[in-house]
Amino acid sequence: MGVLYVAPGYQPGGKEIDFGKTKEHKVLVVGGGGREHAIVDALSRSIWVSKIYCAPGNAGIAAQAECVPIKDTDVEGLLAFAREQHIDLTVVGPEASLSEGIVDRFRGAGLAIFGHTKAATRIESSKEFAKQLMEKYGVPTAGYRSFTDYQEALDYVSGRPFPAVLKYDGLAAGKGVVIAPDLASADAALRDMLLDNHFGKGKVVVEDYLEGPEFSFMCFVDGDRVYPMPLAQDHKRAFDGDKGPNTGGMGAYTGLPFITPEDKAFALEHILRKTASAMVAEGCPLSGVLYGGLMKTADGIKVIEFNARFGDPETEVVLPLLESDAFDLFSAVAEGREAEQPVWSGDVTMGVVLASKGYPGSYEKGYAIEGLDGVTAKVYHMGTKRQEGSLVTSGGRVLMVVGRGSDIQAVRDNVYADVAKISCPNLFCREDIAWQALR
């Protein structure tokens with residue numbers, strides 16, 4: 001038997017979790033997309049995990065975990081399942097689950113869970129909260145103003161230079177940001193967000209427009225403890241050349257040649273660590289993943305956005321590089337214990353998303369997917385299911401093909417060769433993932 005650890009904040013009479021060195025731990029992963037597939041994949045490599053469940057999971061995840069039909073926002077259903085199955089650790093993927101207070105509920109019941117409290121999740125669930133926090137603690141970001149009134153917002157935007165950056169204040173599945181090139185498109189976006197309430201009734205944050213390459217910097221965070229991950233770059237726009245509407249992400253890669261070691265050190269100390277300490281000072285410490293969506297501008301590194309969880313699709317290219325035991329790391333953060341610094345491979349990775357035609361707008365489901373047996377790269381399922389014995393599409397983003405190696409050009413060539421082996425009449429992908437690394 002190992003040492004007994006009890007998570008800080010457990011209620012009296014809460015369950016003691018034995019994280020001793022035995023391969024008998026049961027883990028529940030909450031979510032059903034590519035991010036959760038990557039989390040399950042990392043946990044499946046742990047020598048301490050005997051059983052993985054995923055709720056609700058998908059057809060690809062089912063090959064590595066037992067999928068259970070519970071929605072990721074059904075907090076009470078998930079709690080009941082965790083109790084019934086004597087789950088040792090729950091790992092939360094989606095922001096929607098965190099914003100529903102799943103972590104508060106599990107901890108109150110004495111169950112170990114990796115993820116932020118509802119109060120801490122505000123760093124993602126409210127753009128205004130995040131901007132106010134950065135302003136108060138001197139974290140570099142773009143100037144902004146918040147609006148609830150459509151006409152006031154339109155008047156403000158019309159008196160400023162374009163393009164205009166308009167952000168819905170709440171959660172919008174990565175689609176609540178519009179970079180409007182002119183007044184007509186800004187007007188349409190403001191009507192969509194403030195009059196039509198496309199994402200729900202809320203505010204709009206209008207930010208100063210910044211220029212420069214964007215990158216993603218994720219860290220495991222437990223209060224003031226910050227454990228950095230490899231940098232990645234997402235591709236938000238739907239089509240080649242960064243054209244088309246914003247999506248949840250069409251591909252990503254690691255090994256960014258335009259970010260220097262000095263850039264990373266600055267971002268770690270003056271953005272990620274400073275933000276983690278600020279959240280402690282505000283009484284809502286972080287206890288999961290802090291995602292910094294950053295930009296390298298002519299005036300230095302600045303924050304574009306914060307997320308309170310693993311990024312998607314960045315997780316799919318970052319977690320395959322983790323050489324430390326994922327269960328050790330997740331459980332240490334969940335229990336408020338100091339973790340060993342994670343060890344990461346020196347390889348680079350690249351992943352291409354295959355999405356349903358029409359995404360991020362309306363799209364059809366149920367198209368058969370063939371050819372996966374011939375793919376040599378890792379394939380993470382994002383939106384698939386089994387239907388009458390066949391693998392079919394069931395979401396906007398459907399699959400992500402991820403390769404790794406020592407050279408990004410070779411990795412890229414291999415990934416696209418594998419993508420070409422996949423047959424489905426209703427899928428499309430970008431052909432230029434990692435272009436900024438290769439130009």
Side-chain angles (χ1 to χ4, degrees), residues 134 139-142 163 165 174 177 179 207-219 226 228-244 246-275 289-307 310-322 344-353 400 402-416 429-439:
M134 288 185 275
V139 177
T141 188
V165 181
V177 177
I179 301 175
E207 288 189 359
D208 294 343
Y209 177 73
L210 301 177
E211 287 190 330
E214 294 186 41
F215 63 101
S216 305
F217 194 171
M218 297 189 292
C219 296
V226 177
M229 304 185 208
L231 303 180
Q233 187 178 53
D234 184 15
H235 296 64
K236 285 288 187 189
R237 298 290 187 139
F239 308 125
D240 288 6
D242 290 331
K243 306 292 185 183
N246 271 336
T247 71
M250 294 298 294
Y253 69 100
T254 62
L256 313 184
F258 54 87
I259 301 298
T260 67
E262 292 77 18
D263 291 333
K264 184 174 182 179
F266 175 88
L268 179 60
E269 293 303 320
H270 297 281
I271 295 177
L272 281 305
R273 291 193 192 280
K274 184 178 281 191
T275 299
V289 173
L290 177 61
Y291 168 112
L294 311 180
M295 179 179 283
K296 184 175 181 177
T297 76
D299 297 323
I301 308 292
K302 296 190 177 183
V303 177
I304 300 299
E305 66 174 348
F306 280 126
N307 290 333
F310 281 110
D312 190 355
E314 294 94 338
T315 304
E316 291 91 307
V317 295
V318 169
L319 278 188
L321 298 175
L322 180 64
W344 301 92
S345 167
D347 283 351
V348 295
T349 51
M350 193 203 86
V352 175
V353 171
M400 186 169 178
V402 178
R404 65 181 289 178
S406 59
D407 176 73
I408 189 64
Q409 180 66 65
V411 171
R412 185 179 186 274
D413 291 345
N414 291 336
V415 167
Y416 277 112
C429 71
R430 281 185 57 161
E431 303 284 349
D432 63 347
I433 303 300
W435 69 268
Q436 290 197 51
L438 296 170
R439 63 181 176 180

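Residue numbers count from 1 along this sequence.
Leu290 has its side chain out of reach of Met218: every pair of non-hydrogen atoms, C-beta onward, lies at least 4.5 Å apart. Residues Glu214 and Leu294 form no side-chain contact, since every pair of their non-hydrogen atoms from C-beta on lies 4.5 Å or further apart. Looking only at side-chain heavy atoms (C-beta outward), Tyr416 and Met350 come within less than 4.5 Å of each other. Counting only heavy atoms from C-beta outward, the side chains of Glu316 and Phe310 never approach each other to under 4.5 Å. The side-chain heavy atoms of Val415 and Val402, taken from C-beta on, include no pair separated by under 4.5 Å. Contact check for Met250 versus Asp240: no side-chain heavy atoms found under the 4.5 Å cut-off. Taking 4.5 Å as the limit, every side-chain heavy atom of Val317 sits out of range of all side-chain heavy atoms of Tyr253. Between Phe215 and Asp263 the shortest side-chain heavy-atom distance does not fall below 4.5 Å.
Annotation: the span from Lys302 atom NZ to Thr297 atom OG1 amounts to 5.0 Å, rounded to 0.5 Å. From His270, atom NE2 reaches atom CD1 of Ile301 across 11.5 Å, with rounding to the nearest 0.5 Å. Between atom NZ of residue Lys236 and atom CG of residue Asn246 there is a gap of 7.0 Å, rounded to the nearest 0.5 Å. Note that the CD atom of Glu305 and the OG atom of Ser216 stand 8.0 Å from one another [nearest 0.5 Å]. Between Leu268 atom CG and Lys274 atom NZ the span is 12.5 Å, to the nearest 0.5 Å.
Across all non-hydrogen atoms, the minimal contact from Cys219 to Pro228 is SG-CA, 3.7 Å. Of all the heavy atoms in Asp234 and Glu314, the pair that sits closest is CB-OE2, 3.3 Å. Nearest heavy-atom pair, Phe239 versus Gly244, reported as atom, atom and distance to 0.1 Å: CD1-CA, 3.7 Å. In terms of heavy-atom proximity, Ala232 sits nearest to Leu256 at O-CD1, 3.6 Å. Taking each heavy atom of Ile179 and Tyr209 in turn, the nearest pair found is CG2-CE1, 4.0 Å. Contact record, Ile433 with Gly351: CG2-O, 3.7 Å, taken as the closest heavy-atom pair.
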Residue pair Arg430, Val352: steps toward the side-chain contact (heavy atoms from CB on, under 4.5 Å) verdict: CA-CA 7 Å; Arg430 281 185 57 161; Val352 175; 6.0 Å; no

From CA spacing to verdict: side-chain contact (heavy atoms from CB on, under 4.5 Å), Val303, Met134: CA-CA 9 Å; Val303 177; Met134 288 185 275; 3.6 Å; yes

Ile271 vs Phe217, side-chain contact (heavy atoms from CB on, under 4.5 Å): CA-CA, chis, key distance, verdict: CA-CA 10 Å; Ile271 295 177; Phe217 194 171; over 6 Å; no

Residues Ser345, Arg404; criterion side chain to side chain donor-acceptor pair (under 3.5 Å); working and verdict: CA-CA 10 Å; Ser345 167; Arg404 65 181 289 178; 3.0 Å; yes

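No salt bridge links Asp432 with Arg237; every basic N to acidic carboxylate O contact stays at or beyond 4.0 Å.
With hydrogens and angles left out, the side-chain atoms of Asp312 and Thr315 include no donor and acceptor closer than 3.5 Å.
Checking side-chain atoms of His235 against main-chain N and O of Ala434 turns up a donor-acceptor pair under 3.5 Å.
A side chain to side chain contact (heavy atoms under 4.5 Å, CB included) with Thr254 is found for one member of Ile408, Val411, Val348 and no other, namely Val348.
Annotation: salt bridge (Lys or Arg N to Asp or Glu O under 4.0 Å) contacts of Glu269 (sequence neighbours excluded): Arg273.
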